[in-house]
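Convention: sequence-line order gives letters A, B, ...; per-chain numbering from 1.
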Amino acid sequence: MTSTRSQDNTIHIEITHDVIQIIDGIEFVRSNQAGAIVTFLGSTRDNFNGRQVVRLDYEAYEPLAIRTLHQIATKAKTKWSLHGLSICHRLGTVPVGQDSMAIAVSSSHRREAWEAGEWILEQVKAKAEIWKKEIYQDGSEWKANKALPQ
Amino acid sequence: MTSTRSQDNTIHIEITHDVIQIIDGIEFVRSNQAGAIVTFLGSTRDNFNGRQVVRLDYEAYEPLAIRTLHQIATKAKTKWSLHGLSICHRLGTVPVGQDSMAIAVSSSHRREAWEAGEWILEQVKAKAEIWKKEIYQDGSEWKANKALPQ
Amino acid sequence: MYPSNLESSKEKTFKALYFAAAKDATQMTCENIPMPNTTLTMANLSEFLAQRHPALKRRQILEGCLFTVNEEYVDPETIIKHGDEVAIIPPVSGG
Amino acid sequence: MYPSNLESSKEKTFKALYFAAAKDATQMTCENIPMPNTTLTMANLSEFLAQRHPALKRRQILEGCLFTVNEEYVDPETIIKHGDEVAIIPPVSGG
């Protein structure tokens, strides 16, 4: 597990091989000044376009991925004046029904939390140096996220 | 605590006086067909427009509020073909830093979860027969949510 | 079902529930109100309650309220009858 | 720092990291590559790797890739030198 924290301890970035505990992210971003906490969990689905998926395997260029996630977090925190932000990505095998990624953000008001949460997710999918291999019963396939709409 | 479940056990509505356990809502909506889980937590902030808030007290016309929440949930579930949906509102005193409301939704893809999550929150704030009293050091005030933009 | 207050059991009443600011103004969460002689409809309910609880009028609470009869939002012409549960619903602030 | 393979310690090498489809094509996660005599820049790195691992070319993997040198996305003119860590970054699919 590699993780980094911002100096002011309001940003937590983590890449782990363990099961993700979203409650940790939620409690990390919780603040007496924050009226809204929004979280997103990406989980392994049992099918893709009707084709049965057995599991997902993730890998990452960890040192670069951690830095990229941290840059995304710092940008989001400033842009929406968030109180706290946590991004956790899981590597290795992620069985069906389990989470590969968890984002938690907190802000004074709900609008910032919604907007930041969604923006962070799209940035992570577009930029973080992480790869997902979809394993079927009869084969597997490296996926590629759609590029961000420019 | 009063709660209701939809017949197909995919909607959970709860009004409680206890501390909200968001992880229960998340695990309720989790599904092998759902790639996205979005949650929203509304928490008590220590200030409103700079005025220090000591706590929030909530009350509800429970039987009607439960039904209104359930109607909102049913509409959202159909509109965004969600897999699962959970709304939990807490009554009585909610201290600073604790949650008064928790929404969790799951869907195959992330867009539906974001849109449904945000829509549900606005509907709950506009329609659920629940009231929030903001307690300051030197007084208190019943709040009123802004009406939905028509 | 025994009427919850001391009026004679033959008397016709309806139940009024007060929430939030309406509760503070009336200093009560609910009360059994004797049916007036004239027909009481949702349309003239506000006026009726304002006379009964001047604080509701003074604090201009009823203007912002919705009303339900037996947990249903009903039309203004709906007549309130014996045993009905009427709720005074100030602007909500859940979430 | 000892070069991780058996070539003589005087020989100049750079490290290449392969991920996802590039890893499958080369059948390796990383390798120490002897520096070629001609100058190797980011611009001609693809061609260099394609010759070294024909599967990269056959499966048209490098077209979609980005490249980093020492964990930095650099300009095409950047020259790869001894001890550099070059990473082949196929289209990402995190989240």
Side-chain angles (χ1 to χ4, degrees), chain A residues 13-16 20 40-45 48 56-72 87-92 94 99-103 117-135 139-148, chain D residues 1 4 13-33 42 45-46 48-50 52-76 78 80-81 83-95:
Chain A
I13 305 295
E14 183 176 322
I15 290 186
T16 178
I20 289 179
F40 177 87
L41 287 168
S43 329
T44 299
R45 291 168 54 221
F48 180 75
L56 296 178
D57 289 341
Y58 285 90
E59 64 178 58
Y61 185 12
E62 281 196 47
L64 186 53
I66 280 266
R67 230 173 55 227
T68 301
L69 293 175
H70 200 87
Q71 283 158 1
I72 293 170
I87 305 175
C88 177
H89 205 295
R90 182 174 168 187
L91 300 184
V94 181
D99 303 325
S100 52
M101 198 218 351
I103 297 172
E118 200 167 359
W119 182 83
I120 292 163
L121 175 57
E122 296 310 313
Q123 291 287 311
V124 169
K125 288 178 85 76
K127 293 180 177 164
E129 291 80 1
I130 299 170
W131 294 272
K132 171 199 302 185
K133 191 173 203 175
E134 214 161 66
I135 315 293
S140 67
E141 183 188 299
W142 286 104
K143 309 294 288 185
N145 289 338
K146 293 184 206 65
L148 270 178
Chain D
M1 197 186 76
S4 63
T13 65
F14 70 95
K15 191 173 182 189
L17 303 179
Y18 303 107
F19 295 100
K23 177 187 71 177
D24 287 1
T26 60
Q27 296 290 311
M28 52 184 76
T29 57
C30 67
E31 65 172 331
N32 270 313
I33 302 177
M42 296 305 289
L45 176 64
S46 283
F48 175 87
L49 291 172
R52 190 177 176 84
H53 299 288
L56 285 173
K57 191 171 184 60
R58 247 193 343 272
R59 303 183 195 177
Q60 299 181 313
I61 286 170
L62 296 171
E63 289 74 354
C65 288
L66 298 177
F67 302 89
T68 59
V69 177
N70 304 327
E71 299 177 14
E72 296 293 344
Y73 292 95
V74 292
D75 313 331
T78 305
I80 298 163
K81 43 187 184 10
D84 279 352
E85 176 182 282
V86 171
I88 291 76
I89 313 275
V92 298
S93 48

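Looking at D:F19, D:F67, D:Y73 one by one, the single match for ring-ring contact (aromatic ring centres under 6.0 Å, His included) with A:Y61 turns out to be D:F19.
Under a cut-off of 6.0 angstrom, the local environment of NZ in D:K57 is sparse, with at most 12 non-hydrogen atoms contributed by other residues, nucleotides or ligands.
To the nearest 0.5 Å, atoms OG1 (D:T29) and CD (A:E59) are separated by 9.0 Å. Rounding to the nearest 0.5 angstrom, the gap separating the CZ atom in A:R67 from the CD atom in D:E72 is 4.5 Å.
Inter-residue side-chain proximity for A:W131 and D:P90 is flagged as met; some heavy-atom pair is nearer than 4.5 Å.
If you measure heavy-atom distances from D:L66 to chain A, you find no contacts under 4.5 Å at all. Contacts between A:A65 and chain D at a heavy-atom distance below 4.5 Å are absent for every atom of the residue. For a residue to count as touching a neighbouring chain, one of its non-hydrogen atoms must lie under 4.5 Å from one of that chain's; by this rule A:A102 does not touch chain D.
Put simply, the side chain of A:Y58 never gets that close to the backbone of D:S93: no donor and acceptor are under 3.5 Å apart.
No other option in A:M101, A:K125, A:R90 has as many heavy-atom pairs under 4.5 Å with chain D as A:K125. With chain D as the partner, the residue from A:K133, A:K143, A:K146 showing the most heavy-atom pairs under 4.5 Å is A:K143.
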